[in-house]
Amino acid sequence: MTKIKKTLTQAIAERRATPSFDGTPIPEDDLKQIIDAGLHAPSGYNMQPWRFVVVQSPEQKKRLRAASYNQGKVEEASAVIVACGDADGWRKDLDLMLEQGRKGGMPESYAAQAQTSVSNYLSGFSSGQMQGWLNKNVMLAVAQMMLMAEVMGYDTAPMEGFEQEKVHEVLRLPMSYWVVALLAVGHLKGPDKYDGGRFEMSHTVFGEEFGKPLK
Ligand SMILES: Cc1cc2nc3c(=O)[nH]c(=O)nc-3n(C[C@H](O)[C@H](O)[C@H](O)COP(=O)(O)O)c2cc1C
């Protein structure tokens, strides 16, 4: 049963990038619920290239903090979800994806086409393109986790302030992994961050083509 403390609308409006956490442990069921929300995100070809390392032990949080420009919230949070993408995931998981898809009703014609088109598409990627592809897929899962946590009454902080190689070392990540973001989850300690506000819709949204206002 999902523990709902806020509606999605409230969670979106009230969420702040939490500056400091009180460190209380997070119940395992809640953590699994939050993670599961991320695993339900859509992904290119349903290849689910995300991989997550959940850090909760004080020792490991301390090491992760050192790999994250000494950001205190890494050590204070109840859990830090280290969101990674696996550049080789699709090679290993293509058959699994198709098998699951078939169970859910994937048409055989689509499965046959995906068998070749997935590898044709992804095998041609440069490492920069692969990082871009991983970033967009993994961040969608992170966003779902973040909002589920907020709906459940937790506070969150997404972070890109970390050193790729150092996080690799601390978590003993395989070479094919690309660290996309950290998501700290817990309960706010002290005052929340100010609300930095958002640009007007007319500044960032167009209708039909660039430069035309959305009516
Ligand atoms: C991809 C991403 C990376 C971020 N990295 C950090 C970070 O390393 N440290 C930090 O304190 N805040 C980080 N933030 C939080 C942003 O500064 C924050 O979301 C932004 O200022 C807007 O504030 P709000 O989220 O409270 O509305 C990050 C946010 C995003 C989405």
Side-chain angles (χ1 to χ4, degrees), residues 5-23 26 34-35 37-39 41-44 49-56 60-87 127-171 173 177-205:
K5 291 275 182 73
K6 290 179 182 179
T7 64
L8 182 58
T9 307
Q10 281 173 319
I12 288 172
E14 294 168 12
R15 182 209 57 76
R16 294 273 69 80
T18 304
S20 189
F21 293 90
D22 70 7
I26 179 167
I34 290 164
I35 293 166
L39 302 185
S43 58
W50 43 66
R51 304 289 184 264
F52 299 97
V53 180
V54 182
V55 175
Q56 296 180 86
Q60 196 64 335
K61 282 194 285 191
K62 200 182 178 103
R63 286 187 211 111
L64 190 59
R65 174 182 180 164
S68 310
Y69 300 108
N70 197 30
Q71 295 199 68
K73 49 188 154 186
V74 173
E75 201 173 347
E76 293 168 358
S78 311
V80 182
I81 301 171
V82 183
C84 310
D86 184 358
S127 67
Q129 284 172 315
M130 178 53 75
Q131 283 168 11
W133 187 74
L134 293 174
N135 285 343
K136 63 186 169 187
N137 285 288
V138 175
M139 277 316 276
L140 203 44
V142 170
Q144 291 200 180
M145 288 182 194
M146 185 172 72
L147 291 176
M148 178 58 90
E150 295 279 339
V151 162
M152 293 169 71
Y154 288 96
D155 299 299
T156 59
M159 280 171 269
E160 62 184 341
F162 58 83
E163 290 175 84
Q164 187 74 224
E165 299 75 25
K166 289 189 180 170
V167 175
H168 256 259
E169 213 174 291
V170 170
L171 304 183
L173 298 175
Y177 277 36
W178 168 247
V179 186
V180 174
L182 313 187
L183 180 66
V185 182
H187 289 294
L188 171 71
K189 183 181 74 187
D192 209 350
K193 186 179 151 280
Y194 61 89
D195 180 356
R198 292 299 184 265
F199 302 134
E200 289 294 328
M201 204 180 271
S202 59
H203 191 80
T204 50
V205 181

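Treat the numbers as computed from the prediction; the structure is a model and nothing was measured. Numbering of ligands and ligand atoms starts at 1, following listing order.
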Subject >> Between NE2 on residue H168 and SG on residue C84, distance to nearest 0.5 Å >> reply: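 Interatomic distance, H168 NE2 to C84 SG, rounded to 0.5 Å: 7.0 Å.
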Subject >> Spacing of I34 atom CD1 and L183 atom CG [to the nearest 0.5 Å] >> reply: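 Here the rounded value is 8.5 Å.
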Original post:
In this structure, are over 12 heavy atoms from other groups packed under 6.0 Å from Q164 atom CD?
Top reply: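 More than 12 within 6.0 Å, yes.
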**OP:** Under the ring-ring contact (aromatic ring centres under 6.0 Å, His included) rule, collect the residues that match up with F199, sequence neighbours excluded.
**Re:**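 By the ring-ring contact (aromatic ring centres under 6.0 Å, His included) rule, F199 matches H203.
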**OP:** Anything with a heavy atom under 4.0 Å from ligand 1 counts, so go ahead and list those protein residues by chain and number.
**Re:**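 Its neighbours under 4.0 Å (heavy atoms only) are R15, R16, A17, Q71, K73, P158, M159, E160, G161, K193, R198, given by chain and number.
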Residues 130-158, side-chain donor-acceptor partners within the protein, below 3.5 Å, at least two apart:
| from | atom 1 | to | atom 2 | distance (Å) |
| --- | --- | --- | --- | --- |
| N135 | OD1 | W178 | NE1 | 3.0 |
| N135 | ND2 | Q131 | O | 3.3 |
| N137 | OD1 | G44 | N | 2.8 |
| N137 | ND2 | W133 | O | 2.8 |
| Q144 | NE2 | A37 | O | 2.7 |
| E150 | OE2 | T156 | N | 3.3 |
| E150 | OE2 | T156 | OG1 | 2.7 |
| Y154 | OH | D30 | OD2 | 2.5 |
| D155 | OD2 | L188 | N | 2.7 |

Subject >> E163: side-chain hydrogen bond (donor to acceptor under 3.5 Å, both in side chains) partners, not counting sequence neighbours >> reply: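 Scan of E163 (side-chain hydrogen bond (donor to acceptor under 3.5 Å, both in side chains), adjacent residues dropped) gives K166.
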